[in-house]
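So the structure is just underneath, and the comments pick up after that.
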Amino acid sequence: MDTNNLDNPVWQALSETHNSYAIEYDGVKFYNPEVCPFGGFTKIGKTKEAMESYSKICDDFFIVGNHPIKPSTLTLDKTVICDQMVLSQLNQPEYTHSIEKLTEQHIDELYELVWLVMPGYFKKRTFEMGDYYGIFIDNTLAAVTGERMQMNDYIEVSAVVTHPNHIRKGMAKQLVAYTSQRILEKNKIPILHVAQKNTGAIKLYEKLGFKSIRKMTWRHYVKNS
């Protein structure tokens, strides 16, 4: 499988499976900010005007991939370097927890869990981007994993989150494997992005059969006050 188009995953997703969420400014594409505040581009000369336009409807957002030309109205808040990983062959773990597909009635609980563990960009409408799966302990959502960016050939595994009270119980491993299996059943290939400093997660994904193929830069911009 050709992975060259994965060097611009946001733009690619918004050009393919997720095109209905695209807000485009002359070749620069952003997700609807109510769904996911991510952007990507192919025309660097158009990024300054595009980012300024998008910032009128979204106070902060990520540009994924190449370095854009930012307008003076925005500040680069942080840069995160991630390993982009692609599933080579899924190594199934032992499943010790029951996994359920989440429904709309779980959106609030999902949102609260993600923001507890990984606060930032997750929106309630992020749930629309794909399928989400969870593990419940005493009828409370304890861990979750889901699908985010989707392309013709790939689906991104994301929101790998476990409540602090339930870490080191194998939930993340089982949920990532389960989600990946569901993606494979859709005849697509699972990918994921993980901060390069998160070596523990990278090792976990490698054991499941993921391989790093490139570094991907996520630049977070905020509107000047």
Side-chain angles (χ1 to χ4, degrees), residues 9-10 13-14 17-23 30-39 54-62 64 77-78 80 82 95-151 154-183 185-186 188 190-195 198 201 204-205 218 220-223:
V10 174
L14 291 172
T17 309
H18 276 171
N19 63 83
S20 63
Y21 294 119
I23 296 176
F30 297 89
Y31 272 95
N32 178 327
E34 294 182 359
V35 175
C36 181
F38 293 172
Y54 190 62
S55 69
K56 294 177 181 178
I57 60 172
C58 186
D59 290 339
D60 70 297
F61 54 88
F62 285 90
V64 181
D77 173 56
K78 63 181 177 181
V80 181
C82 290
Y95 287 93
T96 58
H97 298 278
S98 176
I99 296 175
E100 299 181 27
K101 184 177 180 179
L102 303 186
T103 67
E104 290 186 358
Q105 70 181 17
H106 299 116
I107 289 176
D108 288 344
E109 195 172 8
L110 167 65
Y111 178 83
E112 291 170 5
L113 177 59
V114 174
W115 271 78
L116 172 68
V117 178
M118 194 169 52
Y121 53 84
F122 193 90
K123 311 290 185 180
K124 289 190 177 181
R125 286 192 60 191
T126 303
F127 180 81
E128 298 175 16
M129 296 178 74
D131 294 328
Y132 282 80
Y133 305 95
I135 294 171
F136 290 84
I137 302 296
D138 297 328
N139 296 316
T140 299
L141 188 61
V144 66
T145 297
E147 301 170 345
R148 192 167 59 181
M149 290 185 280
Q150 298 203 35
M151 294 159 252
Y154 301 95
I155 296 180
E156 180 194 27
V157 178
S158 187
V160 183
V161 172
T162 303
H163 192 284
N165 292 343
H166 298 289
I167 59 174
R168 298 185 181 88
K169 297 179 181 179
M171 294 183 182
K173 178 191 295 185
Q174 293 170 52
L175 280 166
V176 171
Y178 187 90
T179 304
S180 297
Q181 181 61 43
R182 302 288 83 74
I183 292 171
E185 291 170 1
K186 298 172 185 177
K188 297 197 178 187
I191 67 169
L192 54 82
H193 295 92
V194 54
N198 194 349
L204 169 64
Y205 301 145
W218 301 64
H220 183 238
Y221 294 91
V222 297
K223 188 185 297 185

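None of these values were measured; they are calculated from a predicted model.
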Measuring from atom [atom1] of [X] to atom [atom2] of [Y], what distance do you get when rounded to the nearest 0.5 angstrom?
X	Y	atom1	atom2	result
Leu192	Arg148	CG	CZ	10.0 Å
Leu110	Thr126	CG	OG1	8.5 Å
Asp77	Tyr221	CG	OH	11.0 Å
Met151	Lys188	CE	NZ	9.0 Å
Lys124	Trp115	NZ	CH2	11.5 Å
Lys78	Asp60	NZ	CG	9.0 Å

> If you look only at pairs with a residue in residues 160-181, which of them pass as a ring pair (Phe, Tyr, Trp, His ring centres under 6.0 Å), with sequence neighbours excluded?
Replying inline: Tyr133-Tyr178
> Are the charged groups of Lys186 and Glu147 less than 4.0 angstrom apart, N to O?
Replying inline: yes
>> Quick check on Glu185: does its CD atom have over 12 non-hydrogen neighbours (other residues, nucleotides or ligands) under 6.0 Å away?
In response: yes
>> Could you walk me through whether Ile99 and Ile135 satisfy the side-chain contact (heavy atoms from CB on, under 4.5 Å) test, starting with their C-alpha distance in whole Å, then the side-chain angles of each, then the deciding distance to 0.1 Å, before giving a yes or no?
In response: CA-CA 5 Å; Ile99 296 175; Ile135 294 171; 3.9 Å; yes
State whether the side chain of [X] and the backbone N or O of [Y] hold a donor-acceptor pair below 3.5 Å, judged by distance alone.
X	Y	value
Asn32	Glu34	yes
Gln150	Thr17	no
Thr179	Leu175	yes

> For Lys123 and Val35, what are the C-alpha separation, side-chain angles and deciding distance, and is it a side-chain contact (heavy atoms from CB on, under 4.5 Å)?
Replying inline: CA-CA 6 Å; Lys123 311 290 185 180; Val35 175; over 6 Å; no
>> Can you classify the ring geometry of His18 versus Tyr21 as parallel (below 30°), tilted (30 to 60°) or perpendicular (above 60°)?
In response: perpendicular
>> Using 30° and 60° as the class boundaries, would you call the ring planes of His220 and Phe62 parallel, tilted or perpendicular?
In response: tilted
Of the non-hydrogen atoms in [X] and [Y], which two are nearest, and what is the gap between them?
X	Y	answer
Val194	Ala201	CG2-CB, 3.8 Å
Pro190	Val157	CB-CG2, 4.1 Å
Tyr54	Cys36	OH-O, 4.1 Å
Pro9	Val64	CG-CG1, 4.1 Å
Cys82	His193	CB-CB, 4.3 Å
Val117	Pro164	CG2-CD, 4.0 Å

>> Under the criterion side-chain contact (heavy atoms from CB on, under 4.5 Å), I'd like the reasoning laid out for Leu102 against Phe136: C-alpha separation, chi angles, the key distance, then a yes or no.
In response: CA-CA 10 Å; Leu102 303 186; Phe136 290 84; 3.7 Å; yes
Heavy atoms, side chains only, cut-off 4.5 Å: are [X] and [Y] in contact?
X	Y	result
Met171	Ile137	yes
Thr145	Ser180	no
Met149	Tyr31	yes
Lys169	His97	yes
Val144	Leu113	yes

> For Glu112, which residues count as a salt bridge (Lys or Arg N to Asp or Glu O under 4.0 Å) partner, sequence neighbours excluded?
Replying inline: none
> Going through the distances and angles, do Leu204 and Val160 end up as a side-chain contact (heavy atoms from CB on, under 4.5 Å)?
Replying inline: CA-CA 12 Å; Leu204 169 64; Val160 183; 5.9 Å; no
> Does the ring center of Tyr121 lie less than 6.0 Å from the ring center of Phe38?
Replying inline: yes
